[in-house]
Structure formats: structure tokens, C-alpha cells
Student: 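What follows is a structure written as C-alpha cells; I'll ask about it next.
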Amino acid sequence: MISPTGRPWLDELAAATEQFRAVIAAAEHDQEALASSVAACPGWDLRDLAVHLGRTHLWAAQILDGADPRNRPQDEPAPEEPLPAWYGRTAERIRKALAEAGPDKPCWTLVKEQRNALFWQRRQVHETVVHLWDAHHALGRSTEITPALAYDGVAEVAEVMYPRMLRAQRVQPLPKQLVLTATDLSAEPVRIGDAGETLAVRAPAGKLLLLVWQRIPCSPQYGAPEAQELISQSLVP
């Protein structure tokens with residue numbers, strides 16, 4: 001199936017996972033680099049981030065095979081296995097599992113409204129893209145996220161992540177609806193919450209994605225103080 005960029009989701013996943021593997025490979029022989037702190041994940045370093053993402057790939061692959069989603073993989077590289085090689089194997093496994101499943105295979109997902117493998121194509125891409133940003137940021141590098149892909153990630157927060165947080169009672173409903181508009185795309189705003197009153201947030205799509213995933217702070221240039229406060233709350237796990 002095709003992503004908002006015009007490329008198949010599986011092509012997006014292949015590109016994102018390979019970029020992540022390449023970042024880890026570049027840092028592999030530098031212990032200081034692998035020990036770089038991941039600001040958005042307190043207590044994690046770059047190695048922890050790679051293991052987490054690899055386990056997330058394995059978890060989704062197990063779900064596609066019919067496993068109980070409550071059983072989270074605890075795999076990690078063997079002492080003699082390079083971290084990039086281990087991560088590459090996990091990425092290959094999820095790509096192969098998704099390709100074999102096809103988009104319509106029934107499976108458990110995070111939302112009842114879409115119980116098929118296409119959900120995991122999209123989810124694995126956005127998981128990887130956000131953590132790829134984390135990896136670059138941990139190493140003091142900057143990286144750009146394709147606007148159309150970033151904006152779909154914002155939509156996923158509105159459609160999947162925030163409602164899931166509400167169902168789990170991890171957050172209270174937003175007192176005002178957040179209306180997020182990408183200033184670098186011609187697209188309808190993404191709305192988070194269903195309150196009658198609204199608050200506007202305007203920024204480039206990549207910034208919006210990083211804002212809703214709490215990777216960067218909201219600043220006055222993106223919205224009023226109340227909007228900044230609400231978008232800084234936990235909209236995602």
C-alpha cells in the first residue's frame with residue numbers, strides 16, 4: 001500500500017530502517033557515541049534505543065504470526081554480535097513478515113477499527129522515523145523528515161495514540177481541541193481531541209511531528225501559550 005509520499009509503506013520502512021542501522025554502524029566503534037544519551041528517553045543511551053527499536057520490530061512480527069501481544073520480546077545482541085548486524089536482522093524480519101502478510105491479513109493492532117497488517121506497515125515506519133531522529137539528535141546531528149510522512153505521523157497520533165492514551169486512562173481529555181496545521185503542505189489540519197473550543201498550532205510538518213512526540217519544546221511562534229501547554233502534555237505513550 002502507498003504512503004502519503006507516494007511510495008509504498010514497505011519502501012518507506014526499508015529506507016528508514018537502513019538509515020537507522022547506518023547511524024548505529026557509524027557509532028559502533030566509538031564507545032562514547034554508543035553511550036550518548038537519548039534526551040527523549042531518560043536513562044537510555046544509543047545502544048538502548050537500538051535494542052528497543054529492534055524489539056519493537058520483533059514484537060510486531062510476532063503479532064503478525066498470531067502471537068499474544070502481551071508477550072514482549074526480550075531479545076538483544078549476543079556478546080559477539082555487532083549491534084548494527086543484530087538490528088539489521090530485526091529490521092529484515094519485520095519487513096519480510098509484513099511483505100508475506102500483505103496489507104489485509106487479519107491481526108491484532110492498537111485500534112479495533114483497523115485489525116489488519118496494513119496498520120503495522122504504517123506504525124513501524126513512524127516508530128522508526130521518530131527513533132531515527134532520536135539517534136541523530138543523540139549524536140548532535142540534525143536530520144529532516146519528509147513533510148508528507150511527518151504529517152501522517154501527526155495524524156497517527158490523533159487517530160491512534162491519543163485515543164489509546166484516553167482509553168487507558170493515562171491522560172485526561174484535552175479541555176480544548178488542538179488544531180495542527182502544517183505550514184509547508186497544502187493539507188487539512190489535524191485535530192486532536194473533540195472539545196468544542198479549539199487552539200491552533202502552526203508549524204512545518206516535521207516540527208509538528210516532533211512536538212506531538214515531545215521531542216522539541218513548543219515555542220510562541222507555533223501557537224498561543226495555552227496551545228503550547230496542551231501540546232506539551234502526554235499525547236503519546
Side-chain angles (χ1 to χ4, degrees), residues 1-24 49-77 84-135 145-165 167-168 182 185 187-188 190 205-206 209 212-213 236-237:
M1 299 295 285
I2 304 301
S3 80
T5 66
R7 297 204 301 173
W9 280 113
L10 293 183
D11 287 358
E12 296 287 0
L13 183 59
T17 54
E18 174 52 30
Q19 289 174 53
F20 187 89
R21 188 206 63 77
V23 171
I24 300 302
L49 181 71
V51 171
H52 162 77
L53 185 55
R55 287 174 175 173
T56 301
H57 295 330
L58 295 174
W59 179 60
Q62 289 180 183
I63 289 170
L64 290 166
D65 287 338
D68 188 328
R70 292 171 294 186
N71 295 333
R72 291 270 186 169
Q74 297 301 313
D75 305 53
E76 60 181 315
W86 178 85
Y87 173 76
R89 286 197 298 106
T90 71
E92 176 61 24
R93 180 168 174 192
I94 185 57
R95 293 196 302 266
K96 183 177 179 181
L98 286 167
E100 291 177 350
D104 299 324
K105 180 178 180 178
C107 63
W108 182 89
T109 67
L110 301 180
V111 292
K112 293 187 294 185
E113 294 77 14
Q114 189 185 2
R115 298 292 202 196
N116 59 36
L118 178 59
F119 174 92
W120 290 111
Q121 292 187 21
R122 182 194 195 198
R123 174 84 284 277
Q124 288 291 296
V125 168
H126 290 312
E127 180 84 6
T128 306
V129 165
V130 170
H131 286 321
L132 176 60
W133 185 90
D134 287 334
I145 305 172
T146 303
L149 190 61
Y151 205 46
D152 187 74
V154 176
E156 187 199 39
V157 170
E159 298 162 4
V160 177
M161 298 303 175
Y162 172 67
R164 183 170 170 80
M165 293 286 282
R167 288 195 302 272
L185 291 172
E188 290 296 314
V190 171
L209 180 66
V212 296
W213 277 99
V236 297

Student: Considering non-hydrogen atoms only, spot the tightest contact between L149 and H126 and give its length.
Tutor: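 Taking L149 first and H126 second, the nearest heavy atoms are O-CE1, 3.2 Å.
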Student: Are any of the side-chain heavy atoms of V111 and R164 separated by less than 4.5 Å?
Tutor: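 No, too far: nothing below the 4.5 Å cut-off.
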Student: Using side-chain heavy atoms (C-beta onward) and a distance below 4.5 Å, is F20 in contact with L49?
Tutor: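 Yes, at least one pair of side-chain atoms sits under 4.5 Å.
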Student: Take R95 and L10 through the side chain to side chain contact (heavy atoms under 4.5 Å, CB included) test and state the conclusion after the steps.
Tutor: CA-CA 7 Å; R95 293 196 302 266; L10 293 183; 5.7 Å; no
Student: Using every non-hydrogen atom in the two residues, find where W86 and A50 come nearest and quote the distance to one decimal.
Tutor: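 Taking every non-hydrogen atom into account, CZ3-O, 3.7 Å.
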Student: List the atom of L98, the atom of A117, and the distance in Å for their closest heavy-atom pair.
Tutor: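 Heavy atoms only, the tightest pair is CD2-O, 3.8 Å.
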Student: I need the minimum non-hydrogen distance between A155 and V190, along with the two atoms involved.
Tutor: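 Minimum heavy-atom contact is CA-CG1, 4.0 Å.
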Student: What donor-acceptor contacts under 3.5 angstrom involve side-chain atoms of residues 99-108, with partners at least two apart or in another chain?
Tutor:
residue, atom, partner, partner atom, Å
K105, NZ, L64, O, 2.7

Student: So, do T90 and I94 sit near enough that their side-chain heavy atoms are less than 4.5 Å apart?
Tutor: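 A side-chain contact is absent here, since even the closest heavy-atom pair is not under 4.5 Å.
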Student: To the nearest 0.5 Å, what is the distance between CG on L53 and NE2 on H131?
Tutor: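 One gets 6.0 Å once the value is rounded to the nearest 0.5 Å.
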Student: Kindly indicate whether the side chain of T128, heavy atoms from C-beta on, has any atom under 4.5 Å from the side chain of H57.
Tutor: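 Answer yes - side chains close enough.
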Student: D68 side chain to R70 main-chain N or O, any donor-acceptor pair under 3.5 Å?
Tutor: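 Checked: pair present.
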Student: Heavy atoms only: give me the nearest R7-A15 pair and the separation to one decimal.
Tutor: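 Taking R7 first and A15 second, the nearest heavy atoms are NH2-CB, 3.6 Å.
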Student: Please determine, by modelled atom types, if E127 and H52 share a side-chain donor-acceptor pair under 3.5 angstrom.
Tutor: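 Checked: E127/H52 side chains pair up, N/O donor to acceptor below 3.5 Å.
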Student: Could you check if a side-chain atom of I24 sits within less than 4.5 angstrom of a side-chain atom of Y87, using non-hydrogen atoms only?
Tutor: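 No, every pair of side-chain atoms sits at 4.5 Å or beyond.
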Student: For R167, enumerate each residue passing the salt bridge (charged side-chain N to carboxylate O under 4.0 Å, His left out) test, keeping only those at least two apart in sequence or located in another chain.
Tutor: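 Listed in chain order: nothing, the list is empty.
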Student: What distance do T146 atom OG1 and L209 atom CG have between them, rounded to the nearest 0.5 Å?
Tutor: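 CG of L209 is found 11.0 Å from OG1 of T146.
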Student: Tell me the closest heavy-atom pair linking P73 and R55, and the distance in Å.
Tutor: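 Closest pair (atom of P73, atom of R55, distance): O-CD, 3.6 Å.
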Student: Is the shortest side-chain heavy-atom distance between R122 and S3 below 4.5 Å?
Tutor: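 No. Closest side-chain heavy atoms not under 4.5 Å.
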Student: With a 4.5 Å limit on heavy-atom distance, are the side chains of E12 and Q124 in contact?
Tutor: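 Not touching, per the 4.5 Å side-chain cut-off.
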Student: For this output row, return yes or no: ring centroids of W9 and W120 closer than 6.0 angstrom.
Tutor: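 Between W120 and W9, which both carry aromatic rings, the centre distance is not below 6.0 Å.
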Student: Under 4.0 Å between a Lys/Arg side-chain N and an Asp/Glu carboxylate O for E18 and R21?
Tutor: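 Salt bridge: yes.
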Student: Drop me the distance from I2's CD1 to D11's CG, to the nearest 0.5 angstrom.
Tutor: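 Separation between the atoms: 8.0 Å.
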Student: Taking only residues two or more places apart in sequence or in another chain, which ones pass salt bridge (charged side-chain N to carboxylate O under 4.0 Å, His left out) with R72?
Tutor: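 Listed in chain order: nothing, the list is empty.
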Student: If we only count heavy atoms from C-beta on, is the M161 to R123 side-chain gap below 4.5 Å?
Tutor: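 A side-chain contact under 4.5 Å exists here.
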